[in-house]
Novice: 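Dropping a structure here in structure tokens format, bear with me for questions.
We number each residue from 1, following the sequence as shown. What you see is a predicted model, and the numbers here were worked out from it, not measured in a lab.
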Amino acid sequence: MRYSAFALLRGALTGQKHWRPAWRKPEPKPAYDTVIVGGGGHGLATAYYLAKEHGITDVAVLEKSWIGSGNVGRNTTIIRSNYLLPANTRFYEKSLQLWEGLEQDINFNAMVSQRGVLNLYHSDAQRDAYARRGNAMRLAGVDAELLDAAAVRAMLPGLDMDNARFPVMGGLLQRRGGTVRHDAVAWGYARAADRRGVDIVENCEVTGIDVVQGRVSGVQTTRGAIRARRIGLAAAGNSSRVAALAGLTLPIESHVLQAFVSEGIKPVLDTVVTFGAGHFYVSQSDKGGLVFGGDIDGYNSYAQRGSLPVVEEVMECAVALFPAFSRLRYLRQWGGIMDMSMDGSPIIGTTPIEGLFLNCGWCYGGFKATPASGWCFAHTIATGAPHPLNAAFTLDRFRSGAVIDEKGAGATPNLH
């Protein structure tokens with residue numbers, strides 16, 4: 001069924017009885033051409049683009065829990081492409097372009113809101129660094145504006161510009177950045193993949209990966225054995241554990257990244273703001289709650305919960321920038337498991353095992369990368385070789401030294 005204004009009107013006139021489930025609940029088949037391990041945003045997007053772009057529909061997405069239970073529903077919903085290094089700039093700009101046409105492509109309201117992303121700076125040196133990043137973005141065809149203090153003050157009247165611990169001197173603005181409803185991304189890609197014939201199998205945990213003479217032959221799951229010619233791993237924070245089933249050791253660490261939502265208030269913040277003197281970011285959701293985020297917790301963990309010191313640090317940064325926020329109550333918190341690579345950039349590509357492909361190491365950038373990640377991973381699986389957009393994100397770059405060290409985004413293992 002295609003969603004449309006006519007379908008909504010029909011539903012209103014018929015008691016809303018004609019709607020079908022967004023995706024099927026199939027039993028897993030004994031064999032598939034391709035199996036995707038992980039039913040988060042990246043896994044679902046990969047399956048969708050395999051079907052749409054490459055005509056590969058004999059695909060199963062295996063999710064150990066329910067769709068939307070992992071990182072795709074546990075983030076701060078921000079999208080942007082304001083990176084410095086060429087490999088990251090090109091990749092995340094492709095993702096932002098896909099976000100801009102996503103709702104029409106998958107026929108689902110993902111609530112894409114290009115409200116802008118503003119990175120504040122607090123010193124002359126930081127201004128120069130942001131100017132360099134903005135110039136690099138513009139040379140790559142990406143929008144960027146360097147704002148002075150007066151422009152930031154006009155844009156954010158509630159911001160403490162002068163009396164804060166770190167007075168605000170200006171900011172780097174990407175107007176095309178913004179937010180997307182994270183749950184809707186999972187639901188939309190799941191529905192779109194299902195409509196093209198992909199089987200989405202929930203409550204199906206992969207417990208083993210079968211490798212015969214250096215090539216994958218299938219997976220063992222809690223719902224039985226499944227044969228497959230190709231297997232794509234897109235298990236986010238659990239990538240290390242899943243890859244270990246095939247005998248691979250990955251250069252990543254798993255950490256908790258917490259997010260927080262305040263009580264709902266009237267519109268007060270119409271853009272995404274990041275703190276230049278600390279790792280903090282905030283936006284206001286369509287329901288009125290302020291959504292806060294900050295640093296990962298400093299210890300390794302697979303738990304979807306965090307620690308109180310991060311709560312204190314995030315709220316401290318919030319009040320430092322917006323003193324009026326001190327009067328708010330925060331309602332809830334969640335944690336996603338971040339697969340932190342050692343240079344802050346992702347891994348999308350082949351592995352030493354034939355037919356086994358890897359998508360991991362997303363650090364803080366996993367949600368915003370969802371469309372481009374799925375698009376590039378689908379290309380890599382279908383053709384057996386990376387697309388130029390993900391050619392630099394190889395697993396062996398840590399051995400060769402060709403790292404992509406985007407400052408401020410890596411795992412900083414020396415601190416943990």
Novice: Can you confirm whether the side chains of Ser373 and Asn359 place a donor and an acceptor under 3.5 Å from each other?
Specialist: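 Indeed, the side chains of Ser373 and Asn359 share at least one donor-acceptor pair under 3.5 Å.
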Novice: Scan side-chain atoms only and decide if Asn119 and Thr274 contain a donor-acceptor pair under the 3.5 Å cut-off.
Specialist: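 A pair is found: one side chain offers a donor N or O, the other an acceptor, under 3.5 Å apart.
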Novice: Please tell me whether Asn135 and Arg138 have a donor and an acceptor in their side chains that are separated by less than 3.5 angstrom.
Specialist: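 No.
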Novice: List the residues meeting side-chain hydrogen bond (donor to acceptor under 3.5 Å, both in side chains) with Asp143, not counting sequence neighbours, and say none if there are none.
Specialist: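 Only Gln174, Arg176 meet the side-chain hydrogen bond (donor to acceptor under 3.5 Å, both in side chains) criterion with Asp143.
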Novice: For a quick check under 3.5 Å, do Ser240 and Asp339 share a side-chain donor-acceptor pair by atom type?
Specialist: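 Ser240 vs Asp339: no donor-acceptor pair found between side chains.
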Novice: Could you walk me through whether Arg115 and Asp270 pass salt bridge (charged side-chain N to carboxylate O under 4.0 Å, His left out), step by step?
Specialist: CA-CA 6 Å; Arg115 61 188 67 186; Asp270 62 356; over 6 Å; no
Novice: Just checking, is any N or O donor in the side chain of Asp297 or His255 under 3.5 Å from an acceptor N or O on the other one?
Specialist: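 Distance-only check fails for Asp297 and His255.
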Novice: Given Ser239, which partner from the list Leu250, Leu248, Val37 fulfils the side chain to side chain contact (heavy atoms under 4.5 Å, CB included) test?
Specialist: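 By the side chain to side chain contact (heavy atoms under 4.5 Å, CB included) criterion, Ser239 pairs with just one of Leu250, Leu248, Val37: Leu250.
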Novice: By ring pair (Phe, Tyr, Trp, His ring centres under 6.0 Å), which residues pair with Trp334, not counting sequence neighbours?
Specialist: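 Trp334 satisfies ring pair (Phe, Tyr, Trp, His ring centres under 6.0 Å) with no residue once adjacent residues are dropped.
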Novice: If we count only N and O atoms by modelled type, under 3.5 Å, do the side chains of Tyr32 and Asp199 hold a donor and an acceptor together?
Specialist: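 Side-chain D/A pair, Tyr32 to Asp199: present.
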Novice: Under 6.0 Å between ring centres: does that hold for His279 and Tyr364?
Specialist: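 Yes, they do, as the ring centres are separated by less than 6.0 Å.
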Novice: Apply side chain to side chain contact (heavy atoms under 4.5 Å, CB included) to Ser400 and list each qualifying residue two or more places apart in sequence or on a separate chain.
Specialist: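 Result, side chain to side chain contact (heavy atoms under 4.5 Å, CB included) vs Ser400: Arg397, Ala402.
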Novice: Who are the ring pair (Phe, Tyr, Trp, His ring centres under 6.0 Å) partners of Trp362, not counting sequence neighbours?
Specialist: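 Only His42, Phe91 meet the ring pair (Phe, Tyr, Trp, His ring centres under 6.0 Å) criterion with Trp362.
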Novice: Taking the six-membered ring for Trp, are Tyr189 and Tyr49 parallel (under 30°), tilted (30 to 60°) or perpendicular (over 60°)?
Specialist: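 Geometry flag for Tyr49 against Tyr189: perpendicular rings.
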Novice: With side-chain contact (heavy atoms from CB on, under 4.5 Å) as the criterion, how do Ile404 and Asn88 come out once you've worked through the C-alpha distance, each side chain's angles and the decisive distance to 0.1 Å?
Specialist: CA-CA 8 Å; Ile404 309 168; Asn88 279 329; 3.8 Å; yes
Novice: Mind checking what makes side-chain hydrogen bond (donor to acceptor under 3.5 Å, both in side chains) contact with Gln97, not counting sequence neighbours?
Specialist: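 Checked Gln97 against side-chain hydrogen bond (donor to acceptor under 3.5 Å, both in side chains); matches are Glu93.
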Novice: Is it true that the side chains of Asn390 and Thr380 contain a donor and an acceptor less than 3.5 Å apart?
Specialist: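 The criterion, which ignores hydrogens and geometry beyond distance, is satisfied for Thr380 and Asn390.
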Novice: Are a donor atom and an acceptor atom from the side chains of Glu63 and Trp66 found within less than 3.5 Å of each other?
Specialist: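 There is no such pair (donor and acceptor under 3.5 Å, judged by atom type) between the side chains of Glu63 and Trp66.
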Novice: Write out all pairs satisfying ring-ring contact (aromatic ring centres under 6.0 Å, His included) with one or both partners inside residues 256-275, taking only residues at least two apart or from two chains.
Specialist: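 Residue pairs with at least one partner in residues 256-275: His122-Phe275, Phe260-Tyr330.
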Novice: Could you check whether Arg191 makes a cation-pi contact with Tyr48, meaning its NZ or CZ is under 6.0 Å from the centre of the six-membered ring and within 45° of the ring axis?
Specialist: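 Ring-cation test returns no.
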Novice: Do the numbers put Arg127 on top of the ring of Tyr130, so that NZ or CZ is under 6.0 Å from the six-membered ring centre and no more than 45° off the axis?
Specialist: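 That pair does not qualify as a cation-pi contact.
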